Structure formats: C-alpha cells, structure tokens
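Worksheet for the structure shown next.
If you're wondering where the values come from, they're calculated on a predicted model, not measured in any experiment. Chain naming here is simple, since letters A, B, ... match the order of the sequence lines and numbering starts at 1 in each.
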There are 2 protein chains.
Amino acid sequence: MAYKMPCAGGIAERLSDIVHDESAWTEFIRSGRAKKVSLAEHENVYFEGDRADRIYEVADGAVMLYKLLPDGRRQVVEILSGGGLFGLQAGELHDCSAETLVASTLHAADRRDVEAANELQSHITRCLLEQLQILHDHTVLLGRKNAFERVATFLMRFVPLRGGAGCLGPGPDADDRVILLAMTRQEIADYLGLTIETVSRIFSEMRRRNLVAVERHDRMRICDVCGICRLTGTH
Amino acid sequence: MAYKMPCAGGIAERLSDIVHDESAWTEFIRSGRAKKVSLAEHENVYFEGDRADRIYEVADGAVMLYKLLPDGRRQVVEILSGGGLFGLQAGELHDCSAETLVASTLHAADRRDVEAANELQSHITRCLLEQLQILHDHTVLLGRKNAFERVATFLMRFVPLRGGAGCLGPGPDADDRVILLAMTRQEIADYLGLTIETVSRIFSEMRRRNLVAVERHDRMRICDVCGICRLTGTH
DNA sequence: CGCGCCCTTGACCAGACTCAATATTAGTGG
DNA sequence: CCACTAATATTGAGTCTGGTCAAGGGCGCG
C-alpha cells in the first residue's frame, strides 16, 4: 500500500539548527569532574544489564551501542562519534551494551553529578533529541528499505553536507569522495539488519556499477555521490 | 553469525526506576500555559517538515509518529499514549508526522515556554530517555526479528507487568488477557515493518495455535500470555 | 438490503538468508 | 622481506520467508 506525501516541498526547507549553547558542558568536562578514558579498538565500555551510574561522551573515536537476543542475533542500535553522549538511562541499568569501533577516548562522568547540574540539562536534551531523530531515520531504514537502499543510506552518512535537507549538490568537480568506514562487514550488517554476505554482495554490485571503488576493506571511494544518493530511497 | 551473551543473568535484575519528580510538569500544565486540544480518531497533529514551535503531551488517547518515503512507503516510528511527550525537535522542523490513533486530548505548549522553564528539563529528559529505550527495542525488532516474533512482541506491549525484566509470571488462574489494539492492520503493519497481509496471516496462525482469539478486529484475547511471550524472541 | 471498507486467504514470486567454498587481507615470526 | 596463519571478506548455489497480486469474506452504516 502506497501513501501520498501531504506536501512534497515541505522538508526541502533547510533544517537550520537553533542556536545551541554547550559552554556549560565544555566547562563541566574541563572542570575535572569528568575523567578521561582511553580505550583500544573493540573494547567494551559496559554491558547491557550493568548498573548505569556513569555517563560518557565520545571525545575522539567511535562507539556502537548494541543489543543481543538470547539466540545470538545482534542488532547495533546506535553509532556515536565525536560529541555523542551515551550511557544515560531512564532506569538503573544499561539497556544496551557499548563497544568501541576504533581506538577512542571518552569523557566519563558520574551520573549523579550530571543529573544534579541544572546548567547541563539543555545540552543533554539537545543530544537526546538528535539521537532520537537519527533513530527515527534508522527505523525507516530497517522497517521499509531494501538491502541496496540500506547500504546506500549508510554510505551517505559518511558524506557531510550531502544527501540531507540542505544538500549542496555535486559541485563543479568530479562527484567523488573517499570515506573511512571504520567498521567490519559484520558490524555494518548488524547495524543495517542484514547479513555479512548481503552487505558484501551489495558492495560488489555497487563496484560493478562504478558507484564505488573499494580501496581497502574499510576505505572506499564513492565515485558518484549523487548516484548513491538517488538509490537511498529517501529522495 | 551468532553472538554469545556475556552474562545471561545480568538483565534479570528488576529495572526499578529511579524516583522521578514530575510535579513541575504537572504544575506547568495546570498553570494554563498549555492549551488543551481535542482531536478525533485519525486526525493529524502536524506533518513532517512543519515548523516545530509547539510541543505536545498525550493527556488521553494515543498518537503515532510516522515517516513517509517519497514512493509512498510508510513507517510508524513511535506510538505514544498517556503521558508521552512529542513534537520536541533538535532543529526547527518536525522530523515526523503525528496522527491520532484514537480520539485523543493533548496538552499543547509553546516550545519557547518549555525551553525557558528550567524546572521542566528533568521531566523532559526522563521522557526522552524512555522513548530512546523503547526505540532501541524497536530497532532490534525491525532489524533482527521475523514476522511471528514481531507480532508476538507487539502483543506483549499491551500486557503490563508481563514479559519485561520483572515479569510476575502467569499467576494462579488461566493465563489470558483481553487487549484493545486500537490500531488497524495497516497501522500495525507499518509499525512492525510488515505488510497488512503478513500481519493478518500471523494473527490467523496464532488463532489456529490457540494462542489468541480475535473477538473483534481490534479486540483480542491472548489465551496464553506466557506462550506468546516465549515466541517474542526476547526470552 | 446493499454499499464500502477493512480484513482474510490463496497462489505465486523475489529478495535476502543459509551453507559452503574460495579469496583477500592483516598480523606474526623467521 | 617473505612465508605462514588466522581472520575477514567475497562469491556461488539453493532455500525459504515475507512480499505481491488477486479474489473472496465480514461487518458496520446508511
């Protein structure tokens, strides 16, 4: 069943962010109430079910949040990079496990300290709202997009200023971009709700169509950003 | 590929919520700075792309947030009922459309009023964190569960105190429960990332297995709550 | 009673998964 | 620097779940 968009042009308007003051947060980090933690690639920060008494900010690197089903199926639910907040929970326990994708440094703060500091709330709210919006998009990806569209959408995430509401277009030169995935095929599959084989096949198909060139397993050249963008299902 | 849970018993611990003071929010609503809005079944509150200058609380009824792809595919990303907050955005525009599932009354407040009121922030943060946790679970459902597990999981949402971390078990009597879906098959399908036909087939299969009895299209008796629960893939 | 809407059921099809074999890559030690 | 190994990625063949298309059923409402 196909629905009709109420007003096609509605979303075209640039999603210009409302001014956001994060100085209170920067100050909090600097003040020494947050410890710096350095982690290697694929180290875990905490597991689902652990007590949630610290919250984290990605200072450098990238972290994934994932959940496991008892039979071993895994779903990566969020990927966080610089500035992303995680570990804050409504309840007492972590609802996800957290693991670094690459070597990372985190700022770890005590939950009570953060909750007590009123001046931090607006920054936290902002971060949560951004996460929520990303999760909404990801829900559409998982619920309604096919494998090709999922991978194309995934690739577009690595190209800032392109594909979104205020996309700048291809520019005068060749429309290519080199991106660093920093994720294994398995991690990509678990993020996109696919299997490793399907992800691999889609990449191969994209290569055959000259949409991308795989320079190394985790290093790809998107030869035709606009071409990929048209295959995301979103435009 | 199957992963192994790090510590199977970890999540068993009851997710008892940390004390949460929402008196400031109640006061805000009562103060008259939030208008009461009454809407009929299937009326829309706003569309994706509209300016987001009001935020809403579901006082009574239920609301769904959904997104459309340009070719007409729809994904319901959230379902909110009493106490649920929606319409708050990181940017200037709504990232989803909102529509009532049943006749509902909402509290509508001006975004600026809410953002200015520091005493409301902790309530908002709490609501966002709960939404985030539900979306994480939904991500697992969409990314990793099959049709049967999706429908079973969906049904369990209507049975409070059962199926979750602190499930009370079947109790002494027959393990049945009558639930009111308040959604059409199409809405259920769009929420679970399935088609209307698949949802219908799964309900029929469940009926055949005496797991449920369809008393009316939107009114079902779950004959065996524990039986359904075992089929969610989560336990 | 009849119309329209929603739901159910069936037959068929296709996209993604599974299992298995092979190819690459990265890492290790000689 | 190269050989060897382990881990990761690719490719192929076959299967199956869930989608598509089409027909029929049930229910509420005028």
Side-chain angles (χ1 to χ4, degrees), chain A residues 1-3 40-42 69 71-75 101-103 141-155 180-209 212-220 231 233, chain B residues 1-3 40-42 69 71-75 101-102 141-154 180-209 212-220 231 233:
Chain A
M1 198 253 173
Y3 299 87
E41 188 177 24
H42 296 130
L69 291 176
D71 63 2
R73 284 174 284 181
R74 182 175 78 165
Q75 178 65 43
L101 287 171
V102 294
L141 180 146
L142 294 172
R144 289 298 178 217
K145 292 189 179 178
N146 64 28
F148 209 103
E149 292 170 328
R150 293 186 198 195
V151 175
T153 307
F154 174 71
L155 289 178
L180 212 68
L181 296 182
M183 291 171 79
T184 65
R185 295 286 183 273
Q186 186 67 61
E187 284 155 353
I188 297 171
D190 286 345
Y191 184 51
L192 301 181
L194 300 169
T195 58
I196 196 172
E197 293 95 333
T198 300
V199 171
S200 190
R201 273 185 252 273
I202 303 283
F203 278 146
S204 299
E205 175 63 25
M206 285 181 167
R207 205 155 17 111
R208 241 167 283 145
R209 295 201 213 166
V212 303
V214 182
E215 306 196 336
R216 218 177 48 209
H217 281 156
D218 65 334
R219 189 186 169 83
M220 307 191 62
L231 297 166
Chain B
M1 198 252 173
Y3 299 88
E41 190 175 21
H42 295 130
L69 291 176
D71 63 1
R73 285 174 284 181
R74 181 175 79 164
Q75 179 65 43
L101 287 171
V102 294
L141 181 146
L142 294 172
R144 289 299 178 215
K145 292 189 179 179
N146 65 30
F148 209 103
E149 292 169 328
R150 292 186 199 195
V151 175
T153 307
F154 174 72
L180 211 68
L181 297 182
M183 291 170 80
T184 66
R185 294 286 183 273
Q186 186 66 62
E187 283 156 353
I188 297 171
D190 286 345
Y191 183 51
L192 301 181
L194 300 169
T195 58
I196 197 172
E197 293 95 333
T198 300
V199 172
S200 191
R201 273 185 255 272
I202 303 281
F203 277 146
S204 299
E205 176 62 24
M206 286 181 167
R207 206 154 16 108
R208 241 167 283 144
R209 295 201 213 167
V212 303
V214 181
E215 304 196 337
R216 219 176 48 211
H217 281 157
D218 65 333
R219 189 188 169 82
M220 307 192 61
L231 297 166

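B:Ser200 comes within contact range of at least one nucleobase, with a heavy-atom separation under 4.0 Å.
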Criterion side chain to side chain contact (heavy atoms under 4.5 Å, CB included) on A:Leu155 and A:Phe203, from CA distance to verdict: CA-CA 10 Å; A:Leu155 289 178; A:Phe203 278 146; 4.1 Å; yes

Check the pair A:Val151, A:Leu194 against side chain to side chain contact (heavy atoms under 4.5 Å, CB included), reporting the backbone distance first and the verdict last. CA-CA 10 Å; A:Val151 175; A:Leu194 300 169; 4.3 Å; yes

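Counting only N and O atoms by type, the side chains of A:Thr153 and A:Arg150 include no donor and acceptor under 3.5 Å apart.
In this structure, B:Asp190 and B:Gln75 approach most closely via the heavy-atom pair O-NE2, 3.0 Å.
In summary, contact between chain B and DNA chain C, defined as any nucleotide atom under 4.0 Å from a heavy atom of the protein, begins and ends at C:dC7 to C:dA11 in the 5' to 3' direction.
Separating the CZ atom of B:Arg216 from the C1' atom of D:dC27 is a distance of 11 Å, rounded to the nearest angstrom. Going from atom CD1 of A:Ile196 over to atom C1' of D:dA7 covers 10 Å, rounded to whole Å. Distance, A:Arg219 CZ to D:dA9 P: 17 Å, rounded to whole Å.
If you run side-chain contact (heavy atoms from CB on, under 4.5 Å) between A:Leu180 and each of A:Met220, A:Arg216, A:Glu215, only A:Arg216 comes through.
Here the CD1-OG distance, from A:Ile188 to A:Ser200, works out to 10.0 Å after rounding to the nearest 0.5 Å.
With sequence neighbours excluded, the residues forming a salt bridge (charged side-chain N to carboxylate O under 4.0 Å, His left out) with A:Arg73 are A:Asp71, B:Glu149, listed by chain and number.
A salt bridge does not link B:Arg201 to B:Glu205: none of the charged side-chain nitrogens sits closer than 4.0 Å to a carboxylate oxygen.
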In the 5'-to-3' direction, what one-character label does each nucleotide of nucleotides 17-24 of chain D receive under the scheme B = base within less than 4.0 Å of a protein heavy atom, S = sugar-phosphate only, - = no such atom? -SSBB---

